[in-house]
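Accompanying notes for the structure given below.
Proteins come first, then strands; the chains are lettered A, B, ... in the order of their sequence lines, and each starts at number 1.
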2 protein chains.
Amino acid sequence: MASDAPSPQGKQSAHPDLEPALLDLVELLFFAYRDFTREPDKILDDFGFGRAHHRVLHFVNRHPGMRVADLLDILKITKQSLGRVLKQLVDEGFIVQEAGKTDRRERRLYPTQRGCELAEQLVAPQIKRVARAVEASGKEARSCIAKFLHQMVREADREHVDKLLETGKAHGDVSTKSSQLRGPVR
Amino acid sequence: MASDAPSPQGKQSAHPDLEPALLDLVELLFFAYRDFTREPDKILDDFGFGRAHHRVLHFVNRHPGMRVADLLDILKITKQSLGRVLKQLVDEGFIVQEAGKTDRRERRLYPTQRGCELAEQLVAPQIKRVARAVEASGKEARSCIAKFLHQMVREADREHVDKLLETGKAHGDVSTKSSQLRGPVR
DNA sequence: AAAAATAAGTCAACATGACTGACATAAATG
DNA sequence: CATTTATGTCAGTCATGTTGACTTATTTTT
């Protein structure tokens with residue numbers, strides 16, 4: 001690899017030395033995320049979908065009855081960008097839309113049976129990866145990790161994220177039954 | 001795909017309750033990364049660059065003298081994809097290429113002065129964000145976090161990542177001086 | 001010395017998923 | 001009735017990824 005002139009490349013980085021450890025975390029986050037998205041990306045490929053579809057399907061599955069506007073707020077993309085992938089997911093039977101009961105302008109989004117299954121299939125390798133990583137970090141590390149990731153979120157969005165995790169959690173618990181309780185899960 | 005562990009109910013959400021907490025981590029990672037890349041993305045915009053330029057410039061800055069092949073291996077993209085952004089970075093004076101001393105087929109990559117500066121500017125908000133998050137998680141959390149993120153990397157790549165962090169670290173240490181010691185840092 | 005392998009660059013075509021801006025439609029709200 | 005809101009859509013652009021084929025320079029192998 002490096003020829004033999006490893007050249008003691010100096011540096012011009014500037015920052016003193018409070019950085020090194022933090023820089024490692026920055027890079028580790030890059031590598032972790034790179035690999036975090038790989039397995040789902042591969043599965044998506046078989047369906048002709050991309051990462052954008054994954055995100056939409058994931059949040060709709062976790063928060064059935066979600067509105068388009070909610071999704072836009074979570075993903076921080078434009079209506080037009082979302083529109084394209086959402087349309088595909090609807091057309092191919094992974095998501096259904098239904099007018100809101102009290103406000104019929106709203107289009108509430110629900111996963112279909114196929115949608116649920118694909119969402120599960122996509123998140124499975126991610127859960128597995130996280131599970132193994134937590135395991136290897138020592139059980140007591142879980143709370144540190146959650147706290148850290150939570151703090152990495154932009155402060156203005158933190159409360160919102162908390163709410164999402166809360167309500168998503170409720171859903172996760174009831175999962176197997178109640179498919180019909182909340183809406184059309186076809 | 002049989003995921004793995006005990007799937008009592010066999011169907012969609014199914015997983016008993018080892019999932020909720022892990023699912024939270026999965027989503028937190030999404031939100032954390034979403035916000036992790038926001039500030040740099042904004043800066044890049046002013047330069048007419050995108051996130052791809054950030055990644056290239058970052059690793060070249062942290063590992064001066066790196067070869068194109070090394071970069072491809074880190075970023076996991078194709079030569080053609082890299083070629084486009086690298087060419088722009090070279091054309092606009094952020095990176096310089098130099099034939100390897102022992103193997104003149106290689107094009108060793110070095111950041112220019114401008115390149116260093118931009119790289120620093122881009123990573124600064126990320127370091128700040130990580131610093132604050134670590135701070136808020138308790139100092140002893142730092143090792144948990146590093147361990148977790150490290151374990152999130154695909155096992156096959158872990159050793160490689162370790163080497164990168166090592167050599168990158170060396171770079172960080174020498175920082176202030178020796179700008180001229182080694183290669184072309186123009 | 002000739003042949004093969006390697007490092008890098010390039011051309012062309014294409015897909016995805018972002019963006020902007022303008023406009024359409026339906027329903028709720030004042 | 002007028003306005004606002006929630007959503008959808010048309011049209012065009014850009015950034016960044018992909019394949020595949022091919023070139024050039026250089027090193028390594030035979």
Side-chain angles (χ1 to χ4, degrees), chain A residues 1-4 33-34 37-38 40-58 60 65-92 95-110, chain B residues 33-34 37-38 40-58 60 65-92 95-110:
Chain A
M1 261 234 181
S3 6
D4 33 318
Y33 200 81
R34 180 194 68 175
T37 53
R38 271 209 205 169
D41 281 354
K42 208 163 198 176
I43 296 170
L44 287 159
D45 222 46
D46 297 338
F47 287 81
F49 291 149
R51 201 178 293 178
H53 300 86
H54 184 183
R55 295 195 281 247
V56 170
L57 185 56
H58 175 87
V60 169
M66 176 173 244
R67 296 171 311 153
V68 167
D70 300 328
L71 216 33
L72 291 177
D73 197 44
I74 288 174
L75 304 178
K76 312 276 189 199
I77 59 175
T78 59
K79 188 173 42 162
Q80 296 89 330
S81 279
L82 174 58
R84 201 184 319 123
V85 303
L86 182 53
K87 192 174 188 307
Q88 287 176 275
L89 287 166
V90 169
D91 287 351
E92 302 191 32
I95 287 179
V96 290
Q97 295 169 303
E98 219 172 61
K101 286 169 194 160
T102 63
D103 185 339
R104 301 182 12 93
R105 285 174 307 184
E106 299 171 348
R107 300 293 179 88
R108 298 293 186 150
L109 305 173
Y110 300 90
Chain B
Y33 199 80
R34 180 195 66 176
T37 54
R38 271 210 205 169
D41 282 354
K42 207 163 199 175
I43 296 170
L44 287 158
D45 223 47
D46 298 337
F47 287 82
F49 290 150
R51 202 178 292 177
H53 300 86
H54 183 182
R55 296 194 279 246
V56 171
L57 184 56
H58 175 87
V60 169
M66 175 173 244
R67 296 170 312 154
V68 167
D70 300 328
L71 216 31
L72 290 179
D73 196 43
I74 288 175
L75 303 179
K76 312 279 189 196
I77 59 175
T78 58
K79 189 173 43 162
Q80 295 90 330
S81 277
L82 174 59
R84 202 183 311 124
V85 303
L86 183 54
K87 190 173 188 308
Q88 287 176 274
L89 287 166
V90 169
D91 286 351
E92 303 189 32
I95 287 179
V96 289
Q97 296 168 303
E98 220 173 59
K101 286 170 196 158
T102 63
D103 184 339
R104 299 180 15 91
R105 287 173 305 182
E106 299 171 346
R107 299 296 175 87
R108 298 291 185 155
L109 304 173
Y110 300 90

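Taking R55(B) as the reference, F30(A), R51(B), A52(B), L75(B) meet the side-chain contact (heavy atoms from CB on, under 4.5 Å) condition, with sequence neighbours excluded. For R104(B), the salt bridge (charged side-chain N to carboxylate O under 4.0 Å, His left out) test picks out no residue, with sequence neighbours left out. Among residues two or more places apart in sequence or in another chain, the salt bridge (charged side-chain N to carboxylate O under 4.0 Å, His left out) test is passed with R34(B) by D157(A).
Side-chain atoms of Q88(A) stay outside donor-acceptor range of the base of dG17(C), with no qualifying N/O pair under 3.5 Å.
At a threshold of 4.5 Å between non-hydrogen side-chain atoms, the residues L89(B) and E92(B) do not count as touching. Side chains of L44(A) and D41(A) form a contact here, defined as non-hydrogen atoms less than 4.5 Å apart. With a 4.5 Å cut-off on side-chain heavy atoms, H54(B) and T37(B) do not count as touching. Using a 4.5 Å heavy-atom threshold, the side chains of R67(B) and R108(B) count as touching.
L82(B) and V56(B) get closest at one heavy-atom pair: CD1-CG2, 3.5 Å. Nearest heavy-atom pair across L86(A) and I95(A) is CD1-CD1, 4.1 Å. Across every non-hydrogen atom of I43(B) and F47(B), the tightest pair is O-CD1, 3.4 Å. For the pair V60(A) and Y110(A), the tightest heavy-atom approach, listed with the atom from each and the gap, is CG1-C, 3.8 Å.
In this structure, CZ of R51(A) is placed 14 Å from C1' of dT18(D), rounded to the nearest angstrom. Atom-to-atom, NE2 of H54(B) to P of dT16(D) comes out at 12 Å; the value is rounded to the nearest Å. For the pair L86(A) CG and dG17(C) C1', the computed distance is 14 Å after rounding to whole Å. Taking atom CZ of R67(B) as the reference point, atom P of dA8(C) lies 6 Å away to the nearest angstrom. Rounded to whole Å, the distance from CZ on R84(B) to P on dA15(D) is 10 Å. Atom CG in D91(B) sits roughly 12 Å away from atom P in dG9(C) (whole-Å rounding). Atom CZ of R55(A) and atom P of dT16(C) are 15 Å apart (whole Å). The separation between D70(B) atom CG and dT6(C) atom P is 16 Å, rounded to whole Å.
Direction change of the helix axis from one end of the helix from dA1(C)-dT30(D) to dG30(C)-dC1(D) to the other is 20°, with five pairs defining each end axis (rounded to 10°).
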Can you give one letter per nucleotide of nucleotides 23-30 of chain C, 5' to 3': B if a protein heavy atom sits under 4.0 Å from the base, S if only from the sugar-phosphate, - if neither? ----BS--
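Using a 4.0 Å cut-off, some side-chain N or O of T78(A) falls inside it from OP1 or OP2 of dC19(C). OP1 or OP2 of dG17(C) has at least one side-chain nitrogen or oxygen of H53(A) nearer than 4.0 Å. A close approach under 4.0 Å does not occur between any side-chain nitrogen or oxygen of S81(B) and OP1 or OP2 of dT16(D). Using a 4.0 Å cut-off, some side-chain N or O of Q97(A) falls inside it from OP1 or OP2 of dG8(D).
Of the inter-residue distances, the one linking I74(A) atom CD1 with D70(A) atom CG reads 6.5 Å to the nearest 0.5 angstrom.
Listed nucleotides dA6(D), dC11(C), dG17(C) differ in distance to E106(A); the shortest reach to its side chain belongs to dA6(D).
Contacts between residues 43-50 of chain B and DNA chain C, defined by a heavy-atom separation under 4.0 Å, are absent.
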